[in-house]
Amino acid sequence: MLIRDARLVALGGPVADGAVDVRIEDGRVTEVGPTLPQGPGESYDAAGRWLMPGLWDQHVHLGQWTLASARLDLASVRSGAEAVAAVRERLEEWPDLPVIGWGHRPTAWPDNPAVSDLDAIDTDQPIVLIAGDGHHGWLNTTALHMLALSTRDSMVSEGEWFQAYGRLAGVMGSDGTGPDAYRRSMEAAAALGVVGLVDLEFSGGVADWVERWSAGADLLRIRHACYADGLDDVLARGLRSGDPLGDDPRLTMGPLKIISDGSLNTRTAWCCDPYAEKAVPGFEEGQPNQTPAELRALLARAAAGGLDVAVHAIGDRAVTEALDAFADTGARGGIEHVQLTTRDDVRRLAALGVRASVQPAHLLDDRDVTERLWPGRAERCFPLRWMLDDGVDVVLGSDAPVSPLDPWLAVAAAVHRSGDEREPWHPEQAITAREALAASTDGWGTVAVGHPADLVLLDADPLDGAGGDDRAHAQRLAAFADHVVATWVAGSRAYVRP
């Protein structure tokens with residue numbers, strides 16, 4: 001294919017003056033220059049619009065994101081009582097269906113969620129309410145029993161919850177994540193200019209993805225991550241990070257994902273200092289999910305098997321311990337979130353060559369709760385400026401469905417660090433639009449020969465206005481999905497605007 005008359009978005013590297021033609025052969029860019037000869041294959045007239053590498057979301061729970069549209073949205077509730085009222089309304093409308101909710105954040109609630117509150121609702125249906133950060137579930141007793149969990153009056157959290165989540169399809173009867181549903185999620189992502197996803201879903205394995213792919217969920221590039229309970233299977237298959245999972249090189253093995261600590265909202269992220277309020281009794285600084293020895297053993301096994309590692313670490317103590325484990329084992333990969341860290345550990349990220357996979361939209365949700373639970377530490381939260389200045393390899397994502405699968409929202413949050421009319425939250429840690437976009441393209445700069453033909457065509461330059469009013473530019477970037485004209489993956493069209 002030949003894309004004619006395209007202007008290149010300047011993300012790094014040389015940029016031609018004016019419009020150029022871009023030739024694609026066998027899924028790669030083979031020639032860039034003005035007025036190239038047509039040759040065999042189709043021609044696409046870009047009509048002077050803007051071409052850049054396609055966008056990646058480096059942290060997605062694709063099954064959960066696919067399910068999200070069918071769930072009860074609890075993001076706006078402000079108390080346990082409001083959540084219970086929303087569940088009652090849902091059951092009045094659909095009394096014969098289970099209730100699966102998503103999005104509540106109980107840290108600032110005046111009351112604590114209790115199983116007995118849900119049990120007081122007159123229903124035989126299971127009720128499963130998933131926290132907005134994905135780290136706990138609030139269930140009624142019926143759901144606890146159906147998920148083979150012990151009876152209690154408190155929430156199910158962290159490792160116990162992640163294990164139970166994989167059994168959630170048994171509660172629903174049909175989990176709503178068939179290949180056709182995945183395909184629809186991919187189509188929606190391609191319409192945003194997304195060409196690739198790192199899927200960190202809690203459940204499923206290599207065989208599941210191969211089957212799903214062969215059944216039509218094959219629109220985008222996918223890197224499939226495994227967890228510790230799937231590591232034996234991956235190693236037995238001889239798979240290394242980057243290896244194709246089948247005949248199509250767009251579906252590949254990703255990293256081993258390890259959740260080393262909890263989250264801010266559940267006060268389980270592992271920190272150097274105690275939480276200011278509502279700490280978990282006995283774990284005032286949060287807590288790890290593995291001992292240091294267990295963490296190192298997982299990294300060592302992954303490294304020996306040729307797998308990269310993605311270590312979830314939100315609290316500053318968890319980041320320190322993760323870096324210690326990388327240093328001791330020689331493992332390759334990155335730390336997911338890096339929400340709170342120290343200046344010295346940012347330097348260690350760079351020195352060790354450990355990637356930072358950050359979800360900037362989380363700072364919009366966690367701004368206020370951070371000031372309450374981590375007072376005096378906010379200047380060290382989402383320290384994107386420190387990381388880029390020190391040479392850390394930074395990549396961006398969403399953690400969908402915790403935040404929407406929308407790379408433009410992530411870019412806007414990284415640039416302006418505010419999602420409302422308030423001033424930016426620690427603007428000294430903001431990065432430029434060019435830096436944020438470059439961190440969203442899987443390491444590819446300005447379109448050039450040798451690049452994969454994973455491309456997005458835009459009817460406006462996303463860098464136009466950069467360096468001016470950051471608020472106005474961020475607002476423009478957050479809505480930039482409206483400017484996506486076409487998306488190609490390996491040279492094949494994944495989306496064309498109607």
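The figures that follow rest on heavy atoms only: side chains count, while hydrogens, waters and symmetry mates do not.
A ring-ring contact (aromatic ring centres under 6.0 Å, His included) check over residues 429-449, counting only residues at least two apart or in different chains, returns the pairs W444-H451. The salt bridge (Lys or Arg N to Asp or Glu O under 4.0 Å) analysis of residues 245-264, with sequence neighbours excluded, yields the pairs D248-R250. Counting only residues at least two apart or in different chains, ring-ring contact (aromatic ring centres under 6.0 Å, His included) contacts with residues 391-415 comprise W408-F480. Within the structure, every pair that satisfies the salt bridge (Lys or Arg N to Asp or Glu O under 4.0 Å) test and touches residues 284-300, not counting sequence neighbours, is listed here: R296-D328. Note on residues 156-166: pairs passing salt bridge (Lys or Arg N to Asp or Glu O under 4.0 Å), not counting sequence neighbours, are R152-E160. Legend: salt bridge (Lys or Arg N to Asp or Glu O under 4.0 Å) pairs involving residues 438-450, not counting sequence neighbours, sorted by first then second residue: R223-D442.
Rounded to the nearest 0.5 angstrom, T487 OG1 and L220 CG are separated by 8.5 Å.
Aromatic ring orientation, H337 versus H312: perpendicular (interplanar angle above 60°, classes split at 30° and 60°). Note: F162 and H135 have perpendicular aromatic rings, judged against thresholds of 30 and 60 degrees for the angle between ring planes.
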Worksheet entry | Verdict with reasoning, S403 to H362, per side chain to side chain donor-acceptor pair (under 3.5 Å) | CA-CA 7 Å; S403 293; H362 287 356; 3.0 Å; yes

Item to complete: Could you walk me through whether S260 and N289 pass the side chain to side chain donor-acceptor pair (under 3.5 Å) test, one step at a time?
Response: CA-CA 5 Å; S260 78; N289 289 325; over 6 Å; no

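Here R347 pairs with D344 under the side-chain hydrogen bond (donor to acceptor under 3.5 Å, both in side chains) rule; sequence neighbours left out. Judged as a side-chain contact (heavy atoms from CB on, under 4.5 Å), and not counting sequence neighbours, the contacts of V449 are V32. Take T432 and apply the side-chain hydrogen bond (donor to acceptor under 3.5 Å, both in side chains) test, not counting sequence neighbours, and it matches E435. Residues forming a side-chain hydrogen bond (donor to acceptor under 3.5 Å, both in side chains) with W425 (at least two apart in sequence, or on another chain): E371. Applying the side-chain hydrogen bond (donor to acceptor under 3.5 Å, both in side chains) test to S357 and every residue at least two apart in sequence or in another chain returns E336. In this view, D208 satisfies the salt bridge (Lys or Arg N to Asp or Glu O under 4.0 Å) rule with no residue, not counting sequence neighbours.
Seen from the ring of Y182, R212 counts as a face-on cation partner, given the 6.0 Å and 45° thresholds.
Within 6.0 Å of CZ on R332 lie no more than 12 heavy atoms contributed by other residues, nucleotides or ligands. Counting non-hydrogen atoms of neighbouring residues, nucleotides and ligands closer than 6.0 angstrom, the CD atom of E211 reaches no more than 12 such neighbours.
The minimum heavy-atom distance linking G445 with P53 is given by the pair O-CG, 2.9 Å. The nearest pair of heavy atoms linking D57 to G397 is OD1-CA, 3.3 Å. Minimum interatomic distance between A478 and D406 (heavy atoms only, all atoms of both residues): O-OD2, 4.2 Å.
A salt bridge does not link R105 to D133: none of the charged side-chain nitrogens sits closer than 4.0 Å to a carboxylate oxygen. Ion pair R343/D390 flagged as a salt bridge, since at least one NZ, NE, NH1 or NH2 atom sits closer than 4.0 Å to an Asp/Glu carboxylate oxygen.
Between H104 and H136, a ring centre-to-centre spacing shorter than 6.0 Å is recorded.
Between L192 and L55 the shortest side-chain heavy-atom distance does not fall below 4.5 Å. Side-chain contact between Q64 and V402 is absent, with no heavy atoms from C-beta onward closer than 4.5 Å.
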